[in-house]
Amino acid sequence: MPASIREEEWFRQRDVLARFGELALKSDDLDEILHEACHLVGQALGTDIAKVMELQPDGTTLLIKAGVGWPSGIVGNVTVQANQTSSEGHALRTGTAVISEDIETEDRFEYAAFIRDAGIRALVNVIIIGAKDQPSYGILQVDSCKPRRFTEDDTKFLRSYANLIAAAVSRLRKIAEMREGEARLRVSEERYRALVTATSNVVYRMNPDWTEMQQLDGRGFLSDTAKPSKAWMLGYIHPDDQAQVMTSIQEAVWAKGIFALEHRVCRADGTVGWTHSRAVPLFDQQGEITEWFGAASDITELKRVEGALIEGEGRLRTLMEGIPLLVWRSGNEGKWTWASPQWLDYTGQRQEESRDWGWLQAVHPDDHEMARQAWHEAGKDGLLDVEFRVRRAADGTWRWHQTRSVPVRAVPGPGHPKGRILEWLGTTTDIEDLKHLQGQQGVLLAELQHRTRNLLAVVRNVARRSIDPSPGRNQYDARLAAMGRVQGFLARSSAWSVPLQELVNAELLAAGDGTSDRVIIDGPSVNLPGDGVQPMALALHELATNAVKYGAIAQPSGHLSVTWRLEGLGSTAQLVLEWRESGVAIPNGLPARQGYGTELITRALPYQLKAKTHLEFTLDGVRCTIALPAGTFRNEDGRT
Amino acid sequence: MTDSSLASLQDRRVLVAEDEYMIAEEIVEALVDAGAVVLGPVSTVGEALDLLVAENEIHGALLDVNLVGRTIWPVVDVLLARGVPMVLATGYEASAIPPVYIHLPRCEKPVGIRDLTRAIARQIAKLK
């Protein structure tokens with residue numbers, strides 16, 4: 001070959017190397033690079049046929065990845081096996097350029113059908129090496145339709161060329177790996193964001209010393225910061241909390257630790273809210289902070305509720321410390337946990353002295369047993385109500401106090417239908433004055449009753465001296481006597497009421513016969529309160545007087561039964577009293593008696609006591625029924 | 001016997017509230033004798049209030065201050081609002097009467113029925 005031609009070829013090859021090298025560096029598109037590689041190499045060697053075969057992960061299959069001068073359907077589809085018998089396999093194994101100058105005479109290798117079909121006679125294989133420690137990328141193959149010699153220069157050129165391809169492939173593979181990594185990172189970051197979003201409202205990034213906010217995604221809670229901003233402190237943080245936020249930041253930056261703080265913020269809608277903000281530092285390889293990644297949740301509502309709770313507790317405490325009662329808290333069995341300042345002031349005890357059973361030291365020694373017993377019972381009854389004497393520090397006197405408490409219970413649950421007792425909240429009240437007043441009241445009441453009975457006695461005396469003896473005067477005297485008895489009963493009663501049984505007995509006895517075996521008195525234990533007892537007593541007096549004078553008691557054949565019973569319940573309850581005389585012969589037929597007694601029973605009782613009454617003078621004797629409504633009597637349980 | 005001091009009671013409708021039946025009866029008798037129409041008598045505050053609701057035309061009232069342990073003041077308030085003259089019968093000292101009612105004419109028990117009817121007659125006459 002003449003030197004001038006060789007030189008021309010050399011220049012052409014250098015030009016191709018330069019042009020391809022430029023492309024291989026610039027382009028990010030591997031297909032473009034490989035196609036151009038084939039195009040240029042074909043030109044450079046004057047064959048116009050070339051291809052790049054990519055070694056597949058199995059290590060033996062070569063896919064025709066790019067090519068020029070081939071019929072359609074070959075590139076991207078056809079594969080060749082790099083085995084012992086193929087020139088491609090040989091090239092891969094040896095790493096050297098494998099040249100077949102004429103495949104017709106070649107006896108080393110076998111050739112794929114498509115090569116023969118394309119009329120290929122000569123070819124050269126050059127390996128495209130892989131990156132460091134990586135398998136080869138594949139083979140660059142330049143083909144010729146004529147038998148051809150490939151010079152040493154050709155193979156040198158091809159090896160340089162193949163190395164350029166290798167460099168480009170390696171570069172692009174790295175880019176692809178990086179992109180893949182980025183994509184994976186993006187997915188993982190999106191997942192992380194989703195997690196943060198699920199648990200927080202706001203995500204933000206800060207520069208290493210927090211002087212600049214890189215970005216903040218406010219999610220409606222705070223307004224967004226899209227571009228880095230140095231004014232974030234003024235924009236987001238409540239003025240009163242800025243100093244505290246700064247301090248926390250400085251501590252976190254100094255410690256390279258986590259920033260965490262609850263503080264007030266200016267919300268997106270302009271109102272003030274509360275946030276719980278946390279940020280973690282991200283480090284570079286030297287361990288320096290590169291940025292801070294933070295999340296902030298909206299705790300405004302939580303804070304509001306918390307505030308209301310604190311306020312409520314504060315109000316309760318103010319109340320407990322403000323009321324003029326000695327307030328305390330206790331565990332079971334009277335083990336105090338807290339005493340109000342009032343208790344401490346009153347008894348002179350210190351807070352710690354009152355704890356547990358310490359408060360008992362302020363209680364009169366004679367009352368200790370009672371107090372302990374009351375606490376023991378309280379556990380069963382769920383109520384503490386006891387009176388004992390407490391020493392007043394101011395003057396050293398023992399003063400009676402009433403102590404009351406009910407337990408504070410947990411929400412009812414299995415095994416605790418009423419709820420487990422959490423603690424006892426109680427008051428101890430000075431009732432010394434009340435006790436004195438009650439005593440005075442008792443004295444006053446006794447005095448009043450004494451005077452009333454004296455007055456009645458005087459009235460009886462005045463009547464006897466003013467009126468000449470007559471049946472009328474006797475009746476008047478007897479009625480005043482009945483009223484006097486009522487006052488006597490009430491004076492003796494502590495409950496301001498009189499047992500019906502005693503009232504009936506007393507009136508029969510006063511009339512002249514209460515013990516006769518012809519008289520039956522029977523009924524349950526019932527009391528009549530002070531308001532109703534007088535009219536009832538007067539009615540019984542009239543009936544008894546009549547019986548003694550004309551009726552069942554006056555006549556030897558007569559019988560009298562006075563019985564009563566309780567009927568109904570609650571507001572419909574009534575006390576029914578029946579006065580029945582029998583075996584009484586009425587002389588001169590039935591009397592048309594419309595005297596004081598009759599009026600009392602048929603008119604006064606219904607008017608004053610809302611009683612239902614019935615009075616009948618039968619041929620057998622007097623029958624009277626008096627039904628008193630609920631509220632005018634008390635049965636044994638003390639209910640009215 | 002006609003008493004000229006009771007003339008103002010003629011055809012007047014007078015409410016009587018008194019929890020002692022016998023005393024109530026006596027008052028009613030005296031008022032009827034003087035030509036008045038008696039509304040009641042009633043023995044409880046509740047009955048008295050019911051009566052005020054039912055009766056539009058009331059010219060005067062005789063009221064026991066304490067009816068079976070309850071004070072008459074709710075009834076008094078209604079009567080004051082309606083401008084009805086009244087006389088209170090009471091066993092209490094003046095000190096036990098709330099200041100707002102202290103100006104009301106009252107008779108202290110035990111009081112003669114004649115004094116009571118004259119007192120209400122005077123109040124009704126004043127209004128005429």
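These numbers come from a predicted model, not from an experiment. In what follows, every chain begins at residue 1, and chains take the letters A, B, ... in the order their sequences are listed.
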Is the CZ atom of B:R82 crowded by more than 12 outside heavy atoms at less than 6.0 Å? yes
Quick check on A:L605 against chain B: is it the side chain, the backbone, both or neither that has a heavy atom closer than 4.5 Å? neither
For B:Y21, all residues meeting ring-ring contact (aromatic ring centres under 6.0 Å, His included), sequence neighbours excluded: A:Y607
Rounded to the nearest 0.5 Å, how far does CZ of A:F633 lie from CG of A:L609? 12.0 Å
Please check if the side chain of A:T602 supplies one atom and the backbone of A:T598 the other of a donor-acceptor pair under 3.5 Å. yes
Residues of residues 42-59 of chain B contacting chain A, heavy-atom criterion under 4.5 Å, by residue number: B:V42, B:S43, B:T44, B:E47
For atom NZ of A:K435, decide whether the heavy atoms of other residues, nucleotides or ligands shown that lie under 6.0 angstrom number more than 12. yes
Once rounded to the nearest 0.5 Å, what's the spacing between atom CD of A:E616 and atom CZ of A:R580? 9.0 Å
